[in-house]
Amino acid sequence: MERVFNLSMQCFHARNFGDGALANRIMATRFDVEVCRHFHSDRFREEWMQRGKDLSRCLASDTADGLEAILHHVRTEPLSEDAALVARLTPGLRKTEEEVFEAARALASELLGAVGQGRPLTVLGDRVATPLQNQRGPSFVEANHV
């Protein structure tokens, strides 16, 4: 289990915890679509909902494929081959992330064009968080000069 965890962190850290973590941005994209559907139903297009779902599904499927590859590797390959797995697996993960993020940004741009105001969370990312909500923000000690 520890080996699976370590490989997963190496392969998926950028996706789940890095700056601009796509896992969070996809949730934001789905939220953007729902906000548009709820508050701007006169401008809403049902295809946006399907595109948002498809983006979530694409990222989730790619994650599942990556985790399956890690599990297979741990079951069949020695520890000495772990770095090679990470080197093989991560370029494809990053490519999928780039494609999904570009599609999410395009969807957010369409939503903004239809609504004509505000800024999509897809674009804002975690910049809406306070330092208490954002692990990259100043610590309590730094903020209070303790």
Side-chain angles (χ1 to χ4, degrees), residues 1-39 44-115 118-146:
M1 285 306 296
E2 183 176 346
R3 191 170 165 209
V4 169
F5 173 78
N6 287 332
L7 288 168
S8 297
M9 286 301 292
Q10 289 177 62
C11 292
F12 292 105
H13 186 273
R15 179 175 291 190
N16 297 322
F17 306 109
D19 289 338
L22 186 59
N24 294 331
R25 295 225 181 204
I26 287 300
M27 286 187 282
T29 300
R30 293 289 299 277
F31 182 78
D32 290 339
V33 171
E34 288 290 347
V35 166
C36 186
R37 183 183 64 79
H38 184 79
F39 291 105
F44 181 74
R45 295 189 350 224
E46 195 59 43
E47 77 171 78
W48 294 335
M49 183 67 70
Q50 188 58 52
R51 284 170 56 196
K53 289 178 182 180
D54 289 345
L55 290 172
S56 293
R57 188 175 297 111
C58 179
L59 189 65
S61 294
D62 188 63
T63 299
D65 291 345
L67 290 171
E68 285 180 0
I70 290 170
L71 288 171
H72 176 75
H73 173 85
V74 167
R75 289 180 183 132
T76 62
E77 300 294 331
L79 183 67
S80 61
E81 295 297 317
D82 286 1
L85 171 75
V86 172
R88 269 193 324 273
L89 198 56
T90 54
L93 297 173
R94 298 301 86 84
K95 182 175 187 280
T96 298
E97 291 159 14
E98 183 179 316
E99 291 169 356
V100 168
F101 180 61
E102 287 306 314
R105 278 189 10 182
L107 178 55
S109 179
E110 285 183 47
L111 295 169
L112 180 58
V115 172
R119 293 187 64 200
L121 287 178
T122 301
V123 176
L124 289 173
D126 66 358
R127 290 179 290 177
V128 298
T130 69
L132 291 176
Q133 296 167 310
N134 185 336
Q135 68 183 12
R136 291 178 297 276
S139 72
F140 176 80
V141 173
E142 292 169 350
N144 293 292
H145 307 290
V146 175

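From a predicted model like this one, the values you see are computed outputs, not experimental measurements. Quick note: numbers below take in every heavy atom, side chains included, and nothing from hydrogens, waters or symmetry partners. Note that the numbering runs from 1 along the sequence shown for the chain.
One distance of note links CD of Q50 with CG of L55; it measures 10.0 Å at 0.5 Å rounding. Interatomic distance, L59 CG to N16 CG, rounded to the nearest 0.5 Å: 8.0 Å. Separating the SG atom in C58 from the CD atom in E97 is a distance of 10.5 Å, to the nearest 0.5 Å. Atoms CD1 and CZ, from I26 and R57 in turn, are 12.0 Å apart once rounded to the nearest 0.5 Å.
Contact annotation: the side chain of P120 never approaches that of L111 to less than 4.5 Å [non-hydrogen atoms, C-beta and beyond]. Within the 4.5 Å cutoff, no side-chain heavy atoms of M9 are placed close to those of N6.
Remark: E81 pairs with no residue by the side-chain hydrogen bond (donor to acceptor under 3.5 Å, both in side chains) rule, at least two apart or across chains. Residues meeting the salt bridge (charged side-chain N to carboxylate O under 4.0 Å, His left out) test with E47, sequence neighbours left out: R45, R51. Residues satisfying the side-chain contact (heavy atoms from CB on, under 4.5 Å) test with E34, not counting sequence neighbours, are R37, M49. Looking at residues two or more places apart in sequence or on another chain, you find no side-chain hydrogen bond (donor to acceptor under 3.5 Å, both in side chains) involving E98. Applying the side-chain hydrogen bond (donor to acceptor under 3.5 Å, both in side chains) rule to R105 yields no partners; only residues at least two apart in sequence or on another chain are considered. Taking the salt bridge (charged side-chain N to carboxylate O under 4.0 Å, His left out) definition, one finds that K53 meets it with nothing, sequence neighbours left out. Listed by chain and residue number, V4, F12, L67, I70 satisfy the side-chain contact (heavy atoms from CB on, under 4.5 Å) test with S8 (two or more places apart in sequence, or in another chain). Not counting sequence neighbours, the partners of V35 by the side-chain contact (heavy atoms from CB on, under 4.5 Å) test are F31, F39. Under the rule for a side-chain hydrogen bond (donor to acceptor under 3.5 Å, both in side chains), the partners of T122 that lie at least two apart in sequence or sit in another chain are T29, D32.
The two residues L85 and A69 have their closest heavy-atom pair at CD1-O, 4.5 Å. Nearest heavy-atom pair across C11 and L89 is SG-CD2, 3.8 Å. Here the shortest heavy-atom pairing between T90 and V86 reads OG1-O, 2.8 Å. Residue V115 comes nearest to C36 through the heavy atom pair CG2-SG, 3.8 Å, listed as atom of the first residue, atom of the second, then distance.
Within the structure, salt bridge (Lys or Arg N to Asp or Glu O under 4.0 Å) pairs that include any residue of residues 1-10 comprise R3-D82 (at least two apart or interchain). Among residue pairs with one or both ends in residues 62-93, none qualify as ring-ring contact (aromatic ring centres under 6.0 Å, His included); sequence neighbours excluded. Residue pairs meeting the salt bridge (Lys or Arg N to Asp or Glu O under 4.0 Å) criterion with at least one partner in residues 62-72, sequence neighbours excluded, are R15-D62.
Ring geometry, F17 versus H13: the interplanar angle falls from 30° to 60°, so the pair is classed tilted.
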